[in-house]
Protein chains: 2
Amino acid sequence: MTEIETSCDPQQCREIGERCAVLNLRKAARLMTRLYEETMKPAGLLPTQFSLMVAIRAMDPVRMSQLAAVLAMDRTTLTRNLRPLERQGLVTTGPAAEDRRTREVRLTPEGQARLALALPLWRQAQTRVAERLGEARLSRLLADLQAVATTFLPE
Amino acid sequence: MTEIETSCDPQQCREIGERCAVLNLRKAARLMTRLYEETMKPAGLLPTQFSLMVAIRAMDPVRMSQLAAVLAMDRTTLTRNLRPLERQGLVTTGPAAEDRRTREVRLTPEGQARLALALPLWRQAQTRVAERLGEARLSRLLADLQAVATTFLPE
DNA sequence: GCCATATCAGTGCATATACACTCATCCCAT
DNA sequence: ATGGGATGAGTGTATATGCACTGATATGGC
């Protein structure tokens with residue numbers, strides 16, 4: 001008779017830990033987040049907040065859903081992630097004139113100044129990563145991460 | 001005289017979004033998390049919880065700090081991430097006999113059964129990723145992510 | 001043996017993440 | 001013009017993440 005799998009041996013689990021895409025992605029993300037967080041601390045922006053502001057500035061003004069889609073972030077997560085930035089007066093959101101259901105997100109002048117302040121620190125973190133990981137490996141990693149994004153982003 | 005950078009143009013921000021390591025890592029992690037979460041839903045384990053149980057089983061029994069180090073997860077984050085698993089009776093923690101400051105983490109028999117239940121679903125998710133991303137690219141990505149881990153893990 | 005220090009784990013607080021549900025606005029068919 | 005479905009955004013709840021701080025136990029110098 002066939003056996004139903006009711007256990008899982010440790011050696012098998014070690015192999016899974018080596019090969020699991022989500023585990024390794026999240027683990028690397030935690031490490032990278034800490035590195036950027038430490039480096040950019042003087043600018044008073046956490047990595048997610050910096051990323052958000054960069055994305056906003058790239059499309060300024062941009063609607064909530066559009067921004068969420070580009071970042072592959074849930075729309076409701078975006079709503080909450082904008083809160084600390086709004087509280088600090090770095091971004092504003094307001095209903096669009098043409099469609100009052102939508103909200104347009106913008107960087108304030110203070111937000112632009114803060115982002116400009118953070119840019120050199122970001123470059124510093126990025127340079128450190130490139131040095132320690134190697135330019136070639138970093139470029140390859142970024143390309144593969146973008147492949148993940150285009151492959152799994154709901155079109 | 002030299003100008004202080006007080007603004008940041010949108011085009012520059014688009015380039016930063018393309019090259020930023022932390023942004024692209026977190027974005028890919030969000031997408032991958034959703035894929036595994038959906039696939040493994042029938043087993044009642046979120047991706048982080050599955051990863052945690054795999055890591056525990058690989059070293060069973062394992063001390064809190066040791067587990068946190070392997071996962072590159074803050075020790076206090078680990079404490080809280082174990083809660084839902086303890087509540088479901090899938091893992092237990094208790095002080096080690098030799099040093100009562102430390103706590104040893106173990107999978108319960110129920111935890112082992114649940115992990116065995118989740119394994120085929122994990123394989124299904126992993127296979128889907130390999131198919132859509134390509135075996136070669138996935139292997140390369142995993143190798144680079146592990147390079148990130150070894151490079152930026154403390155000591 | 002005893003205290004100073006080091007080490008291990010938990011709490012309080014804040015941010016990050018997303019699903020289910022709700023509310024507001026728009027648009028179209030009648 | 002209006003009512004009903006479609007679409008955009010927010011809330012409630014739960015998990016994930018980590019820093020600063022606290023409490024508990026071990027250990028070494030005396």
Side-chain angles (χ1 to χ4, degrees), chain A residues 22-23 25-38 40-41 44-53 55 62-69 71-88 90 93-105 154, chain B residues 22-23 25-38 40-41 44-53 55 62-69 71-88 90 93-105 154:
Chain A
V22 72
L23 187 161
L25 262 174
R26 292 181 70 99
K27 179 173 163 181
R30 284 191 291 269
L31 287 164
M32 205 57 83
T33 299
R34 272 177 246 175
L35 187 148
Y36 279 78
E37 186 172 330
E38 187 180 2
M40 311 214 311
K41 194 165 198 165
L45 290 177
L46 297 173
T48 297
Q49 298 172 346
F50 174 79
S51 299
L52 213 44
M53 289 179 71
V62 57
R63 297 188 178 175
M64 293 286 294
S65 294
Q66 188 185 354
L67 187 54
L71 294 167
M73 185 178 284
D74 189 87
R75 196 181 39 69
T76 70
T77 300
L78 178 59
T79 294
R80 291 178 223 260
N81 286 356
L82 285 176
R83 293 245 165 103
L85 297 175
E86 286 180 296
R87 206 180 326 120
Q88 292 181 73
L90 303 178
T93 66
E98 326 84 66
D99 185 344
R100 276 176 305 165
R101 288 173 304 181
T102 69
R103 294 175 75 79
E104 285 178 341
V105 187
Chain B
V22 71
L23 188 159
L25 262 174
R26 293 181 70 100
K27 179 173 165 180
R30 285 192 290 270
L31 287 164
M32 205 57 83
T33 298
R34 273 178 242 174
L35 188 148
Y36 280 78
E37 184 172 332
E38 187 178 2
M40 312 215 311
K41 194 165 197 164
L45 289 178
L46 298 174
T48 297
Q49 299 172 347
F50 174 80
S51 298
L52 213 44
M53 291 180 68
V62 57
R63 297 188 178 176
M64 294 286 296
S65 294
Q66 188 186 355
L67 187 54
L71 293 168
M73 185 179 284
D74 189 87
R75 197 182 36 74
T76 70
T77 300
L78 177 59
T79 294
R80 292 179 223 261
N81 285 357
L82 286 176
R83 293 245 165 102
L85 299 175
E86 287 180 295
R87 207 181 325 120
Q88 293 181 72
L90 304 178
T93 66
E98 326 83 67
D99 185 344
R100 276 177 305 166
R101 286 174 305 181
T102 68
R103 293 175 75 79
E104 284 178 341
V105 187

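Throughout, a chain's letter reflects where its sequence line sits, starting with A, and its residues are numbered from 1.
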Is there a donor and acceptor pair, one atom on the side chain of [X] and one on the base of [N], closer than 3.5 Å?
X	N	answer
A/Arg30	D/dT17	no
A/Arg100	C/dT25	no
B/Arg75	C/dA9	yes

In whole Å, what is the span from the [atom1] atom of [X] to the [atom2] atom of [N]?
X	N	atom1	atom2	result
A/Asp74	C/dC21	CG	P	15 Å
A/Glu37	C/dT15	CD	P	12 Å
A/Arg26	D/dT17	CZ	C1'	9 Å

Once you apply a heavy-atom cut-off of 4.0 Å, does [X] come out as touching a base, just sugar-phosphate, or nothing?
X	result
B/Arg80	base
B/Thr76	base
B/Thr77	base

query: With nearest nucleotides of DNA chain D determined for A/Leu31 and A/Arg83 from heavy-atom distances, which residue corresponds to the more 5′ nucleotide?
result: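 Its nearest nucleotide being more 5', the pick is A/Arg83.
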statement: The answer to which of A/Met64 and A/Arg34 contacts DNA chain D further toward the 5' end, by nearest nucleotide, is A/Met64
field: Pairwise 5' ranking along DNA chain C for B/Asp99 and A/Leu82, keeping only the more 5' one
entry: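 Of the two residues, B/Asp99 wins.
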field: 5' precedence on DNA chain C between B/Arg103 and A/Pro47 (nearest-nucleotide basis)
entry: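 It is B/Arg103 whose nearest nucleotide is closer to the 5' end.
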query: Using 4.0 Å as the upper bound for N to carboxylate O, is an ion pair formed by B/Arg63 and B/Glu98?
result: yes
Any side-chain heavy-atom pair from [X] and [Y] closer than 4.5 angstrom?
X	Y	answer
B/Thr48	B/Thr33	no
A/Arg34	A/Glu38	no
A/Met64	A/Leu82	yes

- prompt: Does a nitrogen or oxygen in the side chain of B/Asn81 sit under 4.0 Å from OP1 or OP2 of D/dT15?
  reply: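 Looking at the OP1 and OP2 atoms of D/dT15, neither is under 4.0 Å from any side-chain N or O of B/Asn81.
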